[in-house]
Engineer: 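Quick one: the structure is below, and I'll ask about it shortly.
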Protein chains: 2
Amino acid sequence: MTVDPDEPTPLYIQLANIIRGQIERGELTGRVPSIKTLAQQHGVAMGTAERALVILRDEGTITVVVGRGAFVKRH
Amino acid sequence: MTVDPDEPTPLYIQLANIIRGQIERGELTGRVPSIKTLAQQHGVAMGTAERALVILRDEGTITVVVGRGAFVKRH
DNA sequence: TGGGATTTGTTCGTATGTATC
DNA sequence: TGATACATACGAACAAATCCC
């Protein structure tokens with residue numbers, strides 16, 4: 001499951017949706033892959049991957065620590 | 001009043017603060033200057049000015065319409 | 001103490017897309 | 001049609017925080 005440039009939905013929103021889905025299904029726990037890794041895996045720019053993390057952070061799905069990475073929040 | 005690159009506060013936040021202040025003091029009503037104009041006036045990149053508008057939009061200070069511009073919200 | 005690697009954050013410039021006038 | 005304006009995306013560079021050795 002990855003991003004589709006032909007979809008009308010912006011790439012950074014698509015990527016946020018994908019990651020959120022993985023978290024909700026329990027496929028992704030603990031540490032979220034780095035921005036660089038996410039960008040490479042999905043074929044997008046790092047700036048685009050970063051925007052996806054901002055969405056997930058703002059909605060409370062993950063916590064982000066500069067220099068360490070992003071982590072899935074436990075409720 | 002403009003932005004200061006030597007301040008630790010990010011430029012896009014400084015710019016958002018400046019515009020919000022102008023709105024609160026009644027110095028800025030109706031239409032907010034375009035992203036291009038804001039960028040030129042404050043000596044920042046358009047991407048930086050755009051991020052400032054996103055902040056003001058997300059906090060409900062302005063409304064943004066693609067192709068038209070940004071507008072101060074009346075309460 | 002220090003240096004290097006990793007990672008997120010900010011900023012710039014540019015290009016393209018989409019909507020409005 | 002053309003001009004204007006916001007939105008998305010890319011690539012690059014640098015800063016700041018963290019971690020490990």
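Because only heavy atoms are used, hydrogens play no part in the values below, and waters and symmetry mates are left out as well, while side chains stay in. Below, chain A is the first sequence line, B the second, and so on; all start at residue 1.
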Engineer: Do B:Arg20 and B:Leu56 touch side chain to side chain, with heavy atoms closer than 4.5 Å?
Structural biologist: yes
Engineer: 5' to 3' on DNA chain C, which nucleotides open and close the contacts with chain B (atom under 4.0 Å from a heavy atom)?
Structural biologist: C:dT10 to C:dC21
Engineer: Taking the side chain as every heavy atom from C-beta outward, state whether A:Leu11 and A:Leu15 have any pair of such atoms under 4.5 Å apart.
Structural biologist: no
Engineer: Which protein N or O atoms sit under 3.5 Å from an N or O of nucleotides 7-11 of chain D?
Structural biologist:
residue, atom, partner, partner atom, Å
D:dA7, OP2, B:Glu50, OE2, 2.8
D:dT8, OP1, A:Tyr12, OH, 3.1
D:dT8, OP2, A:Tyr12, OH, 3.3
D:dT8, OP2, A:Arg51, NH2, 3.4
D:dA9, OP1, A:Leu11, N, 2.3
D:dA9, OP2, A:Leu11, N, 3.1
D:dA9, OP2, A:Tyr12, N, 3.3
D:dC10, OP2, A:Ala45, N, 2.9
D:dC10, OP2, A:Thr48, OG1, 2.4

Engineer: Taking the side chain as everything from C-beta on, heavy atoms only, tell me whether A:Ile55 gets closer than 4.5 Å to A:Tyr12.
Structural biologist: yes
Engineer: Out of B:Val32, B:Thr29, B:Leu28, which one pairs with B:Gln22 under the side chain to side chain contact (heavy atoms under 4.5 Å, CB included) rule?
Structural biologist: B:Leu28
Engineer: Under a 4.5 Å cut-off applied to non-hydrogen side-chain atoms, are B:Val72 and B:Thr63 in contact?
Structural biologist: no
Engineer: To the nearest Å, how far apart are B:Leu56 CG and D:dC6 C1'?
Structural biologist: 14 Å
Engineer: State whether a side-chain donor-acceptor pair under 3.5 Å links A:Thr61 with A:Glu59.
Structural biologist: yes
Engineer: OP1, OP2 of D:dC19 versus side-chain N and O of A:Arg68: anything below 4.0 Å?
Structural biologist: yes
Engineer: Quick one: does B:Gln14's side chain have a donor or acceptor within less than 3.5 Å of a partner on B:Asp4's backbone?
Structural biologist: yes
Engineer: Can you find a heavy atom in the side chain of A:Lys73 that is under 4.5 Å from one in the side chain of A:Ile62?
Structural biologist: no
